[in-house]
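Here the structure is laid out as structure tokens; the discussion comes afterwards.
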2 protein chains.
Amino acid sequence: MQEIDTQDVINNFIVTSGFNEQFSFDPRQDTKLFHIAANDFIVKAGAPLTYLFYLVKGKAKLYDVLANGKVSLIDFFTPPCFIGEMELIEQRSATAFSMQAITDCWCLALPIRPLQKKLLADPVFLRQICLYFVHKNYRTVKTAGNNAAFPVAQRLASFILLTAHDGLYSEKHVQVAEYLGISYRHLLYVLAQFVKDGYLIKQQHHYKIANSDGLTRLAHDVNESTN
Amino acid sequence: MQEIDTQDVINNFIVTSGFNEQFSFDPRQDTKLFHIAANDFIVKAGAPLTYLFYLVKGKAKLYDVLANGKVSLIDFFTPPCFIGEMELIEQRSATAFSMQAITDCWCLALPIRPLQKKLLADPVFLRQICLYFVHKNYRTVKTAGNNAAFPVAQRLASFILLTAHDGLYSEKHVQVAEYLGISYRHLLYVLAQFVKDGYLIKQQHHYKIANSDGLTRLAHDVNESTN
DNA sequence: CCTCAACTATGAGATTTATCATACTTATAA
DNA sequence: TTATAAGTATGATAAATCTCATAGTTGAGG
């Protein structure tokens with residue numbers, strides 16, 4: 001995670017992402033910009049949360065570390081979206097989950113400590129966060145419906161497109177199986193099927209997308225109803 | 001839906017449910033109390049939303065009517081919980097979903113029209129609603145995990161206990177199948193299995209719970225991790 | 001009274017997915 | 001260096017779940 005202090009770039013992100021409209025005050029002077037390299041953590045479970053982040057560019061994924069130490073993939077995020085807003089609202093100092101960058105990510109960031117009181121009393125911000133929660137909730141309901149409604153192949157296709165990076169898919173099978181709610185064994189069956197059908201090409205440590213259009217077509221219905 | 005204006009009863013509900021702590025102002029003079037008979041609607045999709053409800057007693061279920069006209073069960077609610085808060089936040093006049101009473105329900109209610117502006121500018125209320133969303137979100141994540149993690153029998157057991165009324169289970173199979181994400185046919189298989197195992201007794205138009213403890217034991221894990 | 005739609009019900013066979021057993025590879029830590 | 005754990009991989013078999021076909025029942029409306 002690296003801070004970028006080119007004021008031009010920061011201001012540009014603030015305006016194009018609508019960040020300034022999330023508050024009743026002008027956040028410009030307090031806002032930092034961070035660049036997070038692919039695979040690095042934006043926030044790590046258990047660590048103290050020092051910033052309220054606002055993802056403006058890139059793709060990220062949210063993990064939960066279960067009681068038994070296992071890792072479970074919860075959800076994916078694309079801009080614009082808040083990170084750490086749940087902890088802020090609950091006034092919890094530590095992060096509940098881990099957010100990891102899939103591709104390179106850029107996040108605007110407000111230091112929580114000095115601003116928490118102000119934020120929790122700011123009706124504009126609270127209203128925006130509420131709206132954010134409502135939409136997130138609609139999306140969750142839709143997604144939950146999808147999981148029941150669509151077969152694994154389609155959901156996996158959608159998943160691969162979502163998480164692929166430069167045409168390469170390289171998620172951990174164990175975690176993906178858990179996320180999709182299927183067994184490890186079955187996931188490998190379906191992946192093998194994708195290879196056989198020419199959607200993917202298997203390479204040592206990852207899969208290369210060979211037929212992006214085909215995958216997109218497969219995933220189409222799922223994505224369609226998630227929007 | 002019937003208004004109850006016994007002030008004693010209203011005040012009692014307000015205090016015991018913590019309703020007055022949801023606002024920066026004293027809601028007492030604006031708060032009405034409604035009794036909704038089992039199976040009646042608290043809010044109906046598409047109808048204008050005139051009250052922000054707060055369920056203080058009873059069980060209710062949330063439906064979505066899909067584009068194709070089908071009905072899909074989304075979730076269940078127990079006190080205390082807001083009803084209509086999503087529409088209020090989005091400033092939408094019509095209800096997106098339908099909420100139906102499973103058992104007799106009692107709801108505190110604030111008229112939206114005259115109070116909307118005040119509510120959307122009230123930091124206390126907004127913060128409470130945010131907290132409510134955060135918890136709802138945690139719950140959804142857990143539930144979504146459960147749906148993948150637990151076999152149908154356990155989820156159905158949990159479902160039956162949740163929706164049963166006076167020891168009788170009488171939900172529409174079509175909707176339940178959709179809610180559990182299984183086929184109609186399979187639901188009947190599992191119900192037949194429950195009858196064979198002595199959990200349920202089939203009666204003309206419904207099932208009678210014959211072994212509540214057994215069902216509770218079956219459902220145990222599911223409920224455990226939903227809390 | 002009749003008809004149509006919605007709901008309930010059951011069987012047979014196919015498909016999807018899980019479980020278990022078993023190896024091989026790779027990275028990490030002692 | 002050698003264990004040890006995590007990740008990958010594959011086969012065989014069983015269980016869960018779906019699809020399709022088919023029918024009886026019920027309630028609303030003409």
Side-chain angles (χ1 to χ4, degrees), chain A residues 39 63 65-66 68-73 100 145-160 163 168-197 200-208 218 221-222, chain B residues 39 63 65-66 68-73 100 145-160 163 168-197 200-208 218 221-222:
Chain A
N39 299 315
Y63 283 103
V65 178
L66 305 175
N68 57 16
K70 294 263 175 190
V71 170
S72 153
L73 202 38
Q100 189 180 11
N146 286 346
N147 284 350
F150 293 100
V152 171
Q154 293 186 31
R155 281 156 56 211
L156 178 58
S158 168
F159 180 88
I160 289 173
T163 56
L168 297 181
Y169 168 76
S170 52
E171 295 295 315
K172 296 264 184 284
H173 295 334
V174 177
Q175 287 164 27
V176 177
E178 208 159 340
Y179 176 67
L180 294 177
I182 63 179
S183 70
Y184 178 88
R185 186 66 191 87
H186 191 59
L187 172 61
L188 289 204
Y189 274 135
V190 181
L191 281 173
Q193 192 61 43
F194 277 11
V195 171
K196 198 172 123 200
D197 293 347
L200 300 176
I201 293 170
K202 191 171 174 179
Q203 299 180 329
Q204 26 268 343
H205 292 299
H206 52 252
Y207 291 80
K208 185 176 160 193
L218 241 189
D221 293 341
V222 180
Chain B
N39 300 316
Y63 284 103
V65 177
L66 305 176
N68 56 17
K70 295 265 175 187
V71 170
S72 151
L73 202 37
Q100 190 180 10
N146 286 346
N147 283 350
F150 294 99
V152 171
Q154 293 185 31
R155 281 156 54 213
L156 178 59
S158 169
F159 179 89
I160 290 173
T163 54
L168 297 181
Y169 168 76
S170 52
E171 295 297 314
K172 294 265 185 283
H173 295 335
V174 177
Q175 287 163 29
V176 176
E178 205 159 343
Y179 176 68
L180 294 178
I182 62 178
S183 68
Y184 178 89
R185 186 67 190 84
H186 192 58
L187 172 61
L188 289 203
Y189 275 134
V190 182
L191 280 173
Q193 191 62 43
F194 277 11
V195 170
K196 199 173 123 200
D197 293 346
L200 301 177
I201 293 170
K202 191 167 169 181
Q203 301 179 327
Q204 28 266 344
H205 292 299
H206 52 252
Y207 292 80
K208 185 175 162 194
L218 240 190
D221 293 340
V222 181

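First the proteins, then the strands, lettered A, B, ... as listed; each starts at 1. Because the structure is a prediction, the values reported are computed rather than measured.
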**Prompt:** Just how far, in rounded Å, is C1' of D/dA14 from NE2 of A/H186?
**Reply:** 15 Å

**Prompt:** In whole angstroms, how far is the P atom of D/dA16 from the CG atom of B/L191?
**Reply:** 16 Å

**Prompt:** Picking from C/dA18, D/dA9, D/dT26, which would you name as closest to the side chain of B/H205?
**Reply:** D/dT26

**Message:** Just the rounded figure in Å: distance from P of D/dG11 to CZ of A/R185.
**Reply:** 7 Å

**Separation of B/K196 NZ from B/L191 CG (nearest 0.5 Å)** = 14.0 Å

**Prompt:** Could you state the NZ-C1' distance from B/K202 to D/dT25, rounded to the nearest angstrom?
**Reply:** 12 Å

**Asked** Could you state the CD-C1' distance from B/Q154 to D/dA15, rounded to the nearest angstrom?
**Response** 15 Å

**Fill in**
On DNA chain C, more 5' by nearest nucleotide between B/K172 and B/L188 is B/K172

**Separation of atom CD1 in B/I182 from atom P in D/dA16, rounded to whole Å** = 13 Å

**Request:** Quick one: do A/Y179 and A/E171 satisfy side-chain contact (heavy atoms from CB on, under 4.5 Å)? Show the steps, please.
**Result:** CA-CA 11 Å; A/Y179 176 67; A/E171 295 295 315; over 6 Å; no

**CD1-CG distance between A/I160 and A/L200, expressed to the nearest 0.5 angstrom** = 4.5 Å

**Message:** Can you tell me how the ring of B/Y169 sits relative to the ring of B/F159, calling it parallel under 30°, perpendicular over 60° and tilted otherwise?
**Reply:** perpendicular

**Prompt:** Among C/dT10, C/dT17, C/dA12, which nucleotide sits nearest the side chain of B/Y189?
**Reply:** C/dA12

**Message:** I need the CD-P distance between B/Q204 and C/dA9, as an integer number of Å.
**Reply:** 11 Å

**Between P of C/dC7 and OH of B/Y184, the distance in whole Å** = 9 Å

